[in-house]
Amino acid sequence: MSMISVKFQYVTGIARSVFTNARLVGSWDEAGKYSTTWTSVAMKEVTGTDGCPVFETEVEFDSSQTGHSFQWGVVLDRFNATDKDMWGITTEVNDKNSMHKHREFTLTPPPSAGKQTEVYFLTHCRRLGANKYFATGQSKPLIQFAVWAPNAKDVEVVFGTLATGYIADNGAGIDPGVPALAMKRQPDGVWLSEPAKYFEDYDHKRPYMFKVTKGSGAVVYRTDLYSRCQIGSGRFDPKGAAYKGDIRDLDGGKSCSVVVDSEKVARDFEKANSIDPLDMTTQENFWQQDNTLRKDVRFPRRVEDLVIYELQVGALGYGKKDANGNDIDGNITDAMAFLNKHVKDVGANCVELLPVSEFGGVESWGYATSHYFAVEYSIGGRDQIKHFIRECHKHGISVLFDVVYNHFAHDADRSEWMYDADTHEDNIYYWFEGSSSDYRKTSGEPFPEGGYLDNLSTAFAPRFYNEMVRKMFISSAVMLMEEFHVDGFRVDQTTSIHSYNVLHADGRQVADANAFGAKLLREYTRTLKLINPDVVLTAEDHSEWDCVTKSLHEGDDAIGFDAAWFSDFYHHLCGGSGDGNDKARLIKRAGQGGDGPLNFGYFVGALNYSGNKKVVYHISHDEAHQGEGDNVLSARTIVIACNHSPLIGDIRRYAEARSRFAFGMSMLSAATPMFLFGEEVGAEKAYTYDKYFKNKDDIIGMRNTYGANMFKFYQDMIAFRKNNNCIRSHDIKTIYVKDDTRVLAFTRKELSEGVLQEYLVVGSLHNQPYDNGYTLYNVELSDGMWHEVFNSDAGIYGGDNVGNYGADLTSSGGTITVVIPANGFVVLKKEQ
């Protein structure tokens with residue numbers, strides 16, 4: 001009996017040791033024949049040529065099994081942890097109807113050279129792009145380039161210069177003194193260069209692009225989608241013409257990629273955004289103290305413990321002008337100053353950054369990513385943002401990154417668009433249905449773009465069915481988590497990924513795209529949680545599909561996010577003119593004046609549902625847009641709260657009180673609360689995706705003047721939540737609501753070590769206080785003695801001091817009488 005040896009490798013692509021005790025399991029028996037009872041084989045840990053842990057082993061198969069298909073996977077333990085026997089294959093089979101997670105191969109006759117090798121890449125962090133190659137006998141790492149271009153006829157790596165940072169369509173800008181590197185196609189469409197000497201000779205020194213020869217013979221120059229850095233911090237696109245300008249003016253999405261040593265960090269923050277070689281330190285040294293800080297039990301790691309401060313870096317830097325006196329975007333330097341002068345004092349223990357991955361220039365919120373591994377250079381680049389994250393951690397503040405996988409940059413020429421082919425069908429990063437010839441306009445004209453997918457985002461949907469596309473998104477998040485110490489992610493518009501995909505030609509639903517979109521999300525959460533179980537994952541999801549926040553331990557269909565955004569909470573609580581009568585819009589309608597009924601019943605439904613793994617907010621970047629006249633859709637909270645009236649005198653006083661009410665409902669809900677930067681001082685200027693840099697509020701100045709009372713309220717409200725486990729629990733129940741009087745009341749409870757802790761929140765949006773007391777009744781209100789422990793109308797917050805200060809309040813037979821301030825709330829605690 002002859003045997004065929006097959007080598008199996010499990011490649012992590014992660015520099016640190018995450019796993020141990022890996023075991024190969026597969027559908028064969030000990031004799032090397034197919035079996036429905038899987039066999040387990042121990043795997044040996046080695047260091048791969050990428051410098052990362054690799055687990056490998058060999059199995060002998062009976063040659064009679066040639067041509068037979070086998071399934072396999074890897075079981076492993078987490079290093080230095082109690083997590084055992086975890087399934088290491090996070091990628092599902094490429095079948096829309098299957099959620100199985102295994103790899104398959106067909107046994108082939110022995111090749112003339114070498115042996116059959118089956119490899120699973122957990123991530124592509126060190127597989128694609130410009131990476132170190134550790135060769136036997138070499139004292140220093142070499143460099144190897146890799147790119148996925150399955151339709152290309154030929155690919156080379158060509159090098160530009162630091163003088164221009166750009167290679168034109170005709171090749172102008174290529175450095176004649178640096179020879180191109182030939183690349184060889186692999187069976188899966190990945191092209192590899194031979195390792196070259198030495199990595200350090202390329203690091204920060206040799207800009208590069210891939211010269212791709214398409215099947216048609218056309219030659220194009222493409223950026224490296226796995227590059228850690230793109231040259232340029234401006235918005236100029238030479239559009240393929242020769243460029244002789246300043247590299248800083250270039251749009252980074254179109255310029256050369258830069259070789260960067262991912263294991264080093266610039267030591268000096270002020271110089272960390274330079275393309276030139278810098279005084280560097282190792283990742284290990286840079287993060288040494290940070291590793292200790294993040295292990296501290298006081299560091300927030302559960303989603304329930306977070307108070308999220310949504311922050312856009314570009315909107316900082318109040319008063320900054322360019323040489324011509326024009327308003328300009330903020331950067332990480334501004335964010336660092338803002339953190340130390342303001343954010344750390346607010347009390348929020350989590351900063352959520354609007355997208356910072358390369359988005360091709362300034363004057364953008366960032367929701368159009370071109371390069372997922374590179375940090376936008378206009379805000380400071382990769383090393384400066386590491387300094388910012390480390391500084392946040394020093395103050396006990398975790399950091400979430402907002403990431404966008406539902407579409408690419410709108411102008412993705414030189415990045416994702418037509419990367420290696422001329423036909424729409426072969427546009428490898430975009431989902432395309434059928435053939436180009438299938439689509440025509442009503443006039444009969446060809447309409448090839450009709451085959452792409454819309455999904456209520458602002459560009460065509462990615463090709464979710466391709467594992468390489470899904471792996472790019474996933475690997476970029478792993479890279480940010482591992483190299484940048486990002487604590488978690490907010491994934492933009494996940495509903496567009498798993499539910500909204502329709503054909504561009506006629507709006508027909510494309511169920512296959514939805515199915516593969518859900519597959520991406522499952523693989524995403526599964527991979528990140530496998531590597532770091534503490535990573536916090538939230539989704540902007542408006543579907544109310546329970547699988548989105550279903551734990552990965554609860555079934556194969558679980559998508560596994562820790563929490564999902566709950567937009568209805570905002571629309572019922574605050575709302576804007578764009579909302580219909582099916583939304584309560586409490587703050588908006590209260591701001592219109594009068595004391596008529598408000599639809600508290602609608603809001604109560606959202607409030608009671610907030611305990612179902614939700615992130616709630618009284619404002620977010622999406623809701624802070626501001627139009628003009630009849631076109632006003634929404635605005636900052638304080639503007640909504642006074643119906644866009646001038647914020648002076650009593651109008652401001654009422655608006656601030658209603659704003660305090662709005663924030664309090666979010667903070668006292670059973671969800672994870674979040675708010676947009678500037679709300680804590682009553683920011684009021686328009687905040688739109690394209691005008692934010694012209695409408696910056698002087699947040700620190702407001703904090704020290706007319707925003708001081710609001711700031712104190714936010715500080716105290718946040719501290720109240722953080723210091724009370726009961727308020728962070730998922731238990732919430734409305735016990736009273738009355739639209740006519742504009743009053744609601746709800747309880748928050750937690751049983752801890754046999755002791756029941758209980759709070760009663762009573763709020764009103766009536767314009768006059770119930771200063772003689774308001775009687776509530778609900779048979780489920782327990783009997784006992786209560787004391788007021790928080791009052792939104794306190795004088796230190798700019799209120800009128802209407803409340804129950806020092807009074808013993810007794811509940812009996814489901815009845816309690818409480819003094820309630822106008823446009824405010826009180827929190828009562830039951831005595832034990």
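Quick caveat: nothing in here was measured; it's all calculated off a predicted structure.
A donor-acceptor contact shorter than 3.5 Å links the side chain of Glu376 to the backbone of Phe359. One N or O on the side chain of Ser27 and one on the backbone of Gln71 form a donor-acceptor pair closer than 3.5 Å. Side chain of Asp296 to main chain of Leu293: no donor-acceptor pair is present (N/O by atom type, distance under 3.5 Å, no hydrogens or angles). Panel note: side chain Ser227, backbone Val258; no donor-acceptor pair is recorded below 3.5 Å. Judged purely by atom type and a 3.5 angstrom limit, Ser255 uses its side chain to pair as donor or acceptor with the backbone of Ile231. Of the possible polar contacts, none joining the Arg206 side chain to the Val158 backbone as a donor-acceptor pair under 3.5 Å is found. Of the possible donor and acceptor atoms, none in the side chain of Ser98 sits under 3.5 Å from a partner among the backbone N and O of Asp95. Gln65 contributes a side-chain N or O that, together with a main-chain N or O of Tyr34, makes up a donor-acceptor pair within less than 3.5 Å. For Ser2 (side chain) and Ser63 (main-chain N/O), no donor-acceptor pair under 3.5 Å exists by modelled atom type.
Atom-to-atom distance recorded for His498:NE2 and Asn406:CG is 11.0 Å, nearest 0.5 angstrom. The OG1 atom of Thr57 lies 6.5 Å from the CG atom of Leu24; values are rounded to the nearest 0.5 Å. Going from atom CG of Asp268 over to atom OG1 of Thr281 covers 12.0 Å, rounded to the nearest 0.5 Å. Atom CG of Asn131 and atom CZ of Arg126 lie 7.0 Å apart (nearest 0.5 Å). Considering CD1 of Ile497 and CG of Leu520, their distance stands at 5.5 Å, rounded to 0.5 Å. Expressed to the nearest 0.5 Å, how far CD1 of Ile332 lies from NE2 of His387 amounts to 11.5 Å.
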key: Verdict with reasoning, Gln230 to Ser257, per side-chain hydrogen bond (donor to acceptor under 3.5 Å, both in side chains)   = CA-CA 5 Å; Gln230 290 295 117; Ser257 303; 2.7 Å; yes
inquiry  = Would Ser398 and Leu306 count as a side-chain contact (heavy atoms from CB on, under 4.5 Å) here? Give the steps.
reply    = CA-CA 9 Å; Ser398 63; Leu306 301 182; 3.8 Å; yes
message = Assess the residue pair Arg463 and Tyr429 against the criterion (side-chain contact (heavy atoms from CB on, under 4.5 Å)); give the C-alpha distance rounded to whole Å, side-chain angles, the decisive distance to 0.1 Å, and a yes or no.
response = CA-CA 5 Å; Arg463 190 172 284 202; Tyr429 285 99; 5.9 Å; no
key: Glu200 and Lys140: CA distance, side-chain angles, deciding distance, salt bridge (Lys or Arg N to Asp or Glu O under 4.0 Å) verdict   = CA-CA 8 Å; Glu200 64 182 25; Lys140 297 185 292 186; 2.9 Å; yes
task = Would you please test Val74 and Tyr120 for side-chain contact (heavy atoms from CB on, under 4.5 Å) and show each step?
result = CA-CA 9 Å; Val74 173; Tyr120 176 70; over 6 Å; no
message = Using the rule given for side-chain contact (heavy atoms from CB on, under 4.5 Å), can you reason through His204 versus Lys264, listing the C-alpha separation, both sets of side-chain angles and the distance that settles it, and then say yes or no?
response = CA-CA 12 Å; His204 284 89; Lys264 293 182 179 179; over 6 Å; no
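Salt bridge Arg526/Glu523: absent, no basic N to carboxylate O contact under 4.0 Å. A salt bridge links Asp492 and Arg490; the closest N-O separation between the charged side-chain nitrogens and carboxylate oxygens is under 4.0 Å. Between Arg390 and Asp290, none of the side-chain N atoms (NZ, or NE/NH1/NH2) sits under 4.0 Å from a carboxylate O, so this pair counts as no salt bridge. Checked for salt-bridge contact, Asp562 and Lys529 meet the test: a charged N lies under 4.0 Å from a carboxylate O. Salt bridge present: Glu92 and Arg522 bring a charged side-chain N and a carboxylate O closer than 4.0 Å. The pair Asp534-Lys295 fails the salt-bridge criterion, with no side-chain N (NZ, NE, NH1 or NH2) lying under 4.0 Å from an Asp/Glu carboxylate O. A salt bridge between Lys132 and Asp261 is present, with a side-chain N of the basic residue lying under 4.0 Å from a carboxylate O of the acidic one. Salt-bridge annotation for Arg23 and Asp85: present, with a side-chain N of the basic residue lying under 4.0 Å from a carboxylate O of the acidic one.
Evaluation of the side-chain contact (heavy atoms from CB on, under 4.5 Å) rule for Lys184 yields Gln186 as partners, not counting sequence neighbours. With sequence neighbours excluded, the residues satisfying side-chain contact (heavy atoms from CB on, under 4.5 Å) with Glu45 are Ser17, Pro53, Phe55. Applying the side chain to side chain donor-acceptor pair (under 3.5 Å) criterion to Lys386, with sequence neighbours excluded, gives Gln283.
In this structure, Phe8 and Phe61 have tilted ring planes: the angle between them lies in the 30° to 60° band. In this structure, Tyr372 and Phe473 have perpendicular ring planes: the angle between them is above 60°, well past the 30° mark. The aromatic rings of Tyr430 and Phe408 lie perpendicular to each other, with more than 60° between the two planes, well past the 30° mark.
Proximity of the aromatic rings of His371 and Phe373 is defined here by a centroid distance below 6.0 angstrom, and this criterion is not met. The ring of Phe210 has its center no closer than 6.0 angstrom to the ring center of Tyr419. In this structure, the ring of Phe489 has its center no less than 6.0 angstrom from the ring center of Tyr405. The six-membered or imidazole ring of Tyr208 lies away from that of Tyr202, with a centre-to-centre distance of 6.0 Å or more.
Here the closest non-hydrogen pair linking Val190 and Ala146 is CG1-CB, 4.3 Å. Across all non-hydrogen atoms, the minimal contact from Met99 to Asp556 is SD-O, 3.5 Å. In terms of heavy-atom proximity, Phe401 sits nearest to Leu353 at CE1-CD1, 3.7 Å. Closest approach of Val399 and Val486 over heavy atoms only: O-CG1, 3.6 Å. Heavy atoms only, all atoms of each residue included: Leu76 and Ala22 are closest at CB-CA, 4.0 Å.
Considering only heavy atoms from C-beta on, Val147 stays 4.5 Å or farther from Arg222 through its side chain. Put simply, the side chain of Asp383 reaches to within 4.5 Å of the side chain of Met280, judged on heavy atoms. Considering only heavy atoms from C-beta on, Ile389 comes within 4.5 Å of Trp287 through its side chain. When side chains are defined from C-beta on, Met472 does not count as touching Leu128, because their heavy atoms never get closer than 4.5 Å.
Between the side chains of Gln116 and Thr108, at least one donor-acceptor pair of N or O atoms lies under 3.5 Å. Between the side chains of Asp487 and His393, a donor-acceptor pair is found at a separation under 3.5 Å.
Counting non-hydrogen atoms of neighbouring residues, nucleotides and ligands closer than 6.0 angstrom, the NZ atom of Lys197 reaches no more than 12 such neighbours. Within a 6.0 Å sphere centred on NZ of Lys101, heavy atoms belonging to other residues, nucleotides or ligands number more than 12. Annotation for His395: atom NE2 counts as buried by contact number, over 12 foreign heavy atoms lying within 6.0 Å. Other residues, nucleotides and ligands contribute more than 12 heavy atoms inside 6.0 Å of the CD atom of Glu58. Dense packing is recorded around CD of Gln138, with more than 12 heavy atoms of other residues, nucleotides or ligands lying under 6.0 Å away.
Seen from the ring of Phe121, Arg127 counts as a face-on cation partner, given the 6.0 Å and 45° thresholds.
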